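Since the structure comes first, as structure tokens, the remarks are kept for the end.
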Protein chains: 2
Amino acid sequence: MKNISRLKDSNLKVTPQRLEIVKILSTYGHMNINSLYEALREKFPTLSLATIYKNIHTMRDKSFLSEVKIPNQKNLYELKKEEHSHIVCSKCDDIIDIELDTSSFINQASSISNYKLDKSSIVLIGICPKCATI
Amino acid sequence: MKNISRLKDSNLKVTPQRLEIVKILSTYGHMNINSLYEALREKFPTLSLATIYKNIHTMRDKSFLSEVKIPNQKNLYELKKEEHSHIVCSKCDDIIDIELDTSSFINQASSISNYKLDKSSIVLIGICPKCATI
DNA sequence: TATTTATTGGATAATTTTTATCCTTAAGAG
DNA sequence: CTCTTAAGGATAAAAATTATCCAATAAATA
């Protein structure tokens with residue numbers, strides 16, 4: 001199965017708990033510690049909170065997942081993929097990924113600041129189509 | 001004094017502690033709870049941690065300051081000003097403000113996502129000029 | 001396949017961070 | 001100047017995170 005090799009590729013031992021973390025995160029996209037915990041407990045009722053923290057940390061250290069910081073929300077975690085930005089609805093808090101061309105933006109910032117920029121953490125905030133109709 | 005009227009304009013009672021918070025934040029720009037606490041204790045050795053949390057919250061609620069989330073850092077707080085982005089050095093963690101033209105960027109994102117976007121939280125990460133020379 | 005080693009998971013304690021409570025003090029309206 | 005309301009300090013309580021210990025297990029290797 002694909003998730004198994006994904007874990008192995010990152011030098012992470014394959015355990016049922018870890019596979020479930022991957023499964024849940026690929027289903028829901030972004031989750032904070034608590035919702036991840038609750039989702040995991042459905043399959044593993046005895047799973048310890050410490051297990052989540054430990055896994056989140058090792059997975060983050062091995063760049064298997066990344067931490068996402070959204071204004072007014074707890075830290076979220078998502079499976080690593082190509083660099084992308086996030087759009088969040090200020091009404092329903094729904095988050096989507098979006099791939100944007102940031103090059104002109106980063107060039108602009110580089111020349112103004114003289115920093116050598118290589119990464120970005122971009123969150124755009126607004127109203128999603130659903131909430132807009134309500 | 002200017003800081004007094006700034007507080008009053010936001011319907012915040014003017015206290016010595018609050019004035020010092022404004023002074024420190026306008027000096028250092030961005031601070032997390034702990035460094036703010038330590039800085040405040042120099043002038044008010046008996047200042048309680050609760051005082052900071054209470055003030056940070058009411059000031060945030062009244063849009064007197066804003067919370068800034070930077071990858072791999074604790075929440076930071078800065079005095080409210082025009083919308084701007086942040087650039088952070090991944091070596092020395094130094095943060096600077098930068099005003100960028102985000103309009104084309106936001107337009108791009110709006111048309112792709114169908115969200116009505118009105119705010120952004122943008123952090124660009126790289127190496128600052130100082131660290132680049134070392 | 002069996003054995004061994006190193007890592008992981010679970011339980012729990014310890015720390016750290018944040019929030020709540022209570023009472024005294026002080027800002028500022030009237 | 002007096003009064004009302006909010007703020008500050010001390011502290012407890014709660015929530016979040018990290019650390020520790022040991023049994024269980026993944027997976028390397030014999």
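Since the structure is predicted, the reported quantities are computational estimates derived from the model, not experimental observations.
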- prompt: Parallel under 30°, tilted from 30 to 60°, perpendicular over 60°: which one fits the rings of A:F105 and B:F105?
  reply: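 Rings of A:F105 and B:F105: parallel, as their planes differ by under 30°.
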
- request: Enter the distance from B:R6:CZ to B:S26:OG here, rounded to the nearest 0.5 Å.
  value: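 It comes to 7.0 Å.
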
message: Just verifying a value: how many Å separate A:I52 CD1 and A:M59 CE, rounded to the nearest 0.5 Å?
response: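 It is 10.5 Å, given to the nearest 0.5 Å.
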
task: Taking heavy atoms of chain A and a 4.0 Å limit, find me the 5'-most and 3'-most nucleotide of DNA chain C within that range.
output: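 It runs C:dA6 to C:dT12.
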
- request: Could you tell me, to 10°, how much the axis swings from one end of the helix from C:dT1-D:dA30 to C:dG30-D:dC1 to the other, five pairs per end?
  value: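 The value is 40°.
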
message: Using side-chain contact (heavy atoms from CB on, under 4.5 Å), reason through A:I112 and B:E99 one step at a time and then give a plain yes or no.
response: CA-CA 9 Å; A:I112 297 177; B:E99 282 191 43; over 6 Å; no

field: Heavy-atom check, side chain of A:Y77 versus side chain of A:I33, under 4.5 Å
entry: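 A side-chain contact exists here, since the closest heavy-atom pair is under 4.5 Å.
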
Identify the pairs formed between an N or O of the protein and an N or O of nucleotides 16-19 of chain D at a distance under 3.5 Å, and give each distance.
unit_1	atom_1	unit_2	atom_2	d
D:dA16	OP1	A:K74	NZ	2.8
D:dT17	OP2	A:Y53	OH	2.4
D:dT17	O5'	A:Y53	OH	3.4
D:dT18	OP2	A:H57	NE2	3.0

task: List for me each residue that meets ring-ring contact (aromatic ring centres under 6.0 Å, His included) alongside B:H57, sequence neighbours excluded, and say none if there are none.
output: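 For B:H57, no residue satisfies ring-ring contact (aromatic ring centres under 6.0 Å, His included) once neighbours in sequence are set aside.
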
message: List the residues meeting ring-ring contact (aromatic ring centres under 6.0 Å, His included) with A:F64, not counting sequence neighbours, and say none if there are none.
response: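 Residues passing ring-ring contact (aromatic ring centres under 6.0 Å, His included) with A:F64: none at all.
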
Option among A:K80, A:K74, A:R60 that satisfies the salt bridge (Lys or Arg N to Asp or Glu O under 4.0 Å) test with A:E67: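 Result: among A:K80, A:K74, A:R60, A:R60 is the only option passing the salt bridge (Lys or Arg N to Asp or Glu O under 4.0 Å) with A:E67.
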
- prompt: Do any of residues 5-16 of chain B sit with a heavy atom less than 4.0 Å from DNA chain D, and if so which?
  reply: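 Output list: B:K13, B:T15.
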
